[in-house]
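Provided herewith is a single structure, encoded as structure tokens, for subsequent inquiry.
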Amino acid sequence: MGRGFELDDAVFTYVISTKADLRFSQHTGVGEGLIISHTSKTQVVTAKQSRSDIAIIGYCIDSHGEIPRLEIPSRFLSYEWNDISEAYHFFDRFAGKYAVFFQSDGLSYIWGDASASLGICYSFPQSGFCAASADKLLADFCGFKISEYSKVIREASSAYSQPLPNDLTMYAEIKSLLPNHYLDCSACRPVRLKLGTQETSSPQEITEIIDRTTTLVNTIVETYQQDYSFACPLTAGTDSRVIFSFFKENNPNLECFTFNHISFAPQSAETAVSQQICGDFRHSHKLIDDIDAPKCLFETVRKFFGEYADTSSVNNAYMFLKSFAGKAQADGSIIDEVGKSTQENAVPNRFLNIPFFMCKLHNYSSSTKQELKNYLQGIADAGDQEHTADLFAMEQKLGRRVGQVASLYSICGINFLNIFNCREVILQWTRIPRKLRIKKYIPRELLRKKDSRLLEYPFNPEDKITALLKKHWLPFYLATFAKYYVSHFFSR
């Protein structure tokens with residue numbers, strides 16, 4: 001632990017290029033002249049048939065429980081696809097953390113999992129297409145320098161660790177592939193695909209969505225636990241309790257933990273409720289006190305991930321490793337961002353404008369404004385404005401912000417897996433009205449189905465003002481701007 005990490009200690013970490021990246025210990029050929037350089041702890045499964053090749057980087061499992069993991073590439077190639085979007089949507093059923101490279105008849109494409117939890121940072125230098133799990137890995141390999149444009153945007157953020165807007169990275173030559181997109185490597189451009197879902201107000205259909213979610217996630221968690229040993233985070237919130245409800249079902253030896261941050265009050269609900277739940281359900285629970293990661297770990301992370309590595313995330317990764325080395329960590333951020341629509345509330349689409357999203361990104365520079373304009377124009381060009389709120393949650397919050405944390409954890413050697421990271425699950429959730437989702441309908445109904453006893457424990461108490469602001473979109477909307485003006489005034 002004290003020596004820091006070598007690159008080969010990382011998980012879900014790779015570079016794709018026309019030549020091998022000798023920083024990595026493993027090299028797997030794919031397609032016409034491409035090499036996937038990856039760590040020994042990063043899985044790559046390939047298949048070839050006639051003039052088609054596929055490589056799945058990372059961990060990809062079937063939420064239907066029908067196709068074994070190692071057979072997914074060959075099963076994919078056994079079908080004839082009418083177009084690339086049809087091939088892309090074949091992966092709606094799959095969960096995990098993965099990137100797919102597909103080449104057929106000389107044309108190449110790449111796309112990621114439902115929330116882009118395994119990063120795809122890509123570039124098209126003179127030597128040809130290349131991609132990597134983190135922008136700095138690719139930049140160092142290609143010799144790119146940090147962009148002044150990106151640097152100015154990042155320095156304008158209220159938090160230096162915030163990701164850049166849209167698909168920007170710290171390097172002008174590198175872009176980040178967002179969820180709901182595939183990269184046409186031959187045409188050198190990303191292509192957005194519409195969500196294609198319709199909101200429903202039918203109680204029967206909404207109940208069926210919860211039932212289908214339960215069935216799919218049961219299979220996902222069962223498969224996850226066959227392949228990895230997990231430590232389950234547990235707080236007084238709804239998200240972690242839902243994760244616990246799925247994991248405990250088939251794991252009598254489930255280990256749970258709560259970060260006991262210095263900011264917590266003595267016997268705070270975060271720690272007291274989680275300890276009570278684990279005691280009542282007879283699962284082990286560990287309080288993890290705050291501790292600073294050693295300097296050598298920060299140096300290693302910044303070497304491969306970049307200077308903008310969030311200090312608290314590195315510390316959390318170190319604390320997890322100290323307590324649960326070799327275990328995977330369960331993540332529930334998709335419930336927060338899509339299942340509860342915490343960032344967009346039920347704000348009508350006509351009010352989801354550039355100033356609102358600038359507040360959500362905590363960045364108010366003119367360049368951020370332009371990037372958000374480009375981003376929203378891309379949604380409009382695809383005719384998907386009705387899903388603007390969910391697209392922002394999936395692409396900017398999950399794909400960029402949570403994806404950045406996931407990439408950092410991967411560099412630290414932590415398998416950070418979300419049990420809801422399946423496009424079929426997420427697309428179903430987008431059919432439930434946001435005015436229902438903000439009332440925590442999805443997590444509460446999942447708890448009711450899995451184990452209603454978990455609803456009897458108190459949830460995180462909110463002060464009356466916060467609760468009132470979240471009840472209706474208008475006070476929430478106004479408070480979003482008020483928060484900006486207050487913080488902007490006191491930062492002057």
(request) Using the salt bridge (Lys or Arg N to Asp or Glu O under 4.0 Å) rule, pick out the option among R431, R212, R93 that qualifies with E424. (result)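 Of the listed residues R431, R212, R93, the salt bridge (Lys or Arg N to Asp or Glu O under 4.0 Å) partner of E424 is R212.
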
(request) Could you check K397 against T342 for side chain to side chain donor-acceptor pair (under 3.5 Å), going step by step and ending with a plain yes or no? (result) CA-CA 11 Å; K397 288 299 181 177; T342 55; over 6 Å; no

(request) Answer yes or no: is there an ion pair linking E255 with K286, defined by an N-O contact shorter than 4.0 Å? (result)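 Judged by the 4.0 Å cut-off on N to carboxylate O distance, E255 and K286 do not form a salt bridge.
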
(message) Please check: side-chain N/O of N349 versus main-chain N/O of E386, any donor-acceptor pairing under 3.5 Å?
(response)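 Yes; judged by distance alone, with no hydrogens or angles, the pair exists.
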
(message) Regarding E395 and R192, does a basic nitrogen lie under 4.0 Å from an acidic carboxylate oxygen?
(response)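 Yes, this pair counts.
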
(message) Using the ring centroid of each side chain, check whether F351 and F356 are separated by less than 6.0 Å.
(response)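 Here the rings of F356 and F351 have centres that are no less than 6.0 Å from each other.
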
(request) Mark yes or no for whether H387, through its side chain, and Q385, through its backbone, hold a donor-acceptor pair below 3.5 Å. (result)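 No: the side chain of H387 does not pair with the backbone of Q385.
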
(message) Is it the case that the side chain of T46 and the backbone of A55 share a donor-acceptor pair, with hydrogens and angles ignored and the cut-off at 3.5 Å?
(response)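 No; judged by distance alone, with no hydrogens or angles, the pair does not exist.
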
(request) Would you give the length of the straight line joining atom CD1 of I110 to atom CD1 of I120, rounded to the nearest 0.5 angstrom? (result)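 That separation rounds to 4.5 Å.
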
(request) For the residue pair T258 and H285, confirm or rule out a side-chain donor-acceptor distance under 3.5 Å. (result)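 Yes, because at least one side-chain N or O of T258 sits under 3.5 Å from a partner of the opposite role on H285.
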
(message) Can you confirm whether the side chains of N166 and K175 place a donor and an acceptor under 3.5 Å from each other?
(response)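 Side chains of N166 and K175: no pair found under 3.5 Å.
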
(request) Could you tell me whether R448 and E445 make a salt bridge, using a distance below 4.0 angstrom between a side-chain N and a carboxylate O? (result)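 Looking at E445 together with R448, the answer is yes, because their closest N to O distance falls below 4.0 Å.
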
(request) Look at D451 together with K248 and state whether they make a salt bridge at an N to O cut-off of under 4.0 Å. (result)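 K248 and D451: salt-bridged.
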
(message) Taking the basic N atoms (NZ, or NE/NH1/NH2) and the acidic carboxylate oxygens, is any pair closer than 4.0 Å for D390 and R434?
(response)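 No salt bridge links D390 with R434.
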
(request) Could I get the full list of salt bridge (Lys or Arg N to Asp or Glu O under 4.0 Å) partners for R69, not counting sequence neighbours? (result)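 Scan of R69 (salt bridge (Lys or Arg N to Asp or Glu O under 4.0 Å), adjacent residues dropped) gives none.
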
(message) Would L447 and V242 count as a side-chain contact (heavy atoms from CB on, under 4.5 Å) here? Give the steps.
(response) CA-CA 6 Å; L447 287 172; V242 173; 3.8 Å; yes

(request) Mark yes or no: R241 above the aromatic ring of F459, with NZ or CZ under 6.0 Å from the six-membered ring centre and no more than 45 degrees from the axis. (result)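 Because its charged atom sits under 6.0 Å from the ring centre and within 45° of the axis, R241 does stack over F459.
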
(request) Verify whether the ring centers belonging to Y224 and F247 lie closer than 6.0 Å. (result)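 Centroid separation for Y224 and F247: 6.0 Å or greater.
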
(request) Give a yes or no answer on whether the side chain of R401 reaches the backbone of Q162 with a donor-acceptor pair at less than 3.5 Å. (result)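 Between the backbone of Q162 and the side chain of R401 there is no qualifying donor-acceptor contact (under 3.5 Å).
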
(request) With F320 as reference, evaluate F230, F259, F257 under the ring pair (Phe, Tyr, Trp, His ring centres under 6.0 Å) test and give the passing residue. (result)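 Checked F230, F259, F257 against F320; only one passes ring pair (Phe, Tyr, Trp, His ring centres under 6.0 Å): F257.
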
(request) Check the pair F76 / F91 against ring-ring contact (aromatic ring centres under 6.0 Å, His included), numbers first and verdict last. (result) CA-CA 9 Å; F76 173 84; F91 279 83; 5.6 Å; yes

(request) Kindly state whether the ring of Y109 and the ring of Y88 have centres lying under 6.0 angstrom apart. (result)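 Ring centres of Y88 and Y109 not closer than 6.0 Å.
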
(message) Between K97 (side chain only) and F416 (backbone N and O only), is there a donor and an acceptor less than 3.5 Å apart?
(response)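 Such a contact is found between K97 side chain and F416 backbone.
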
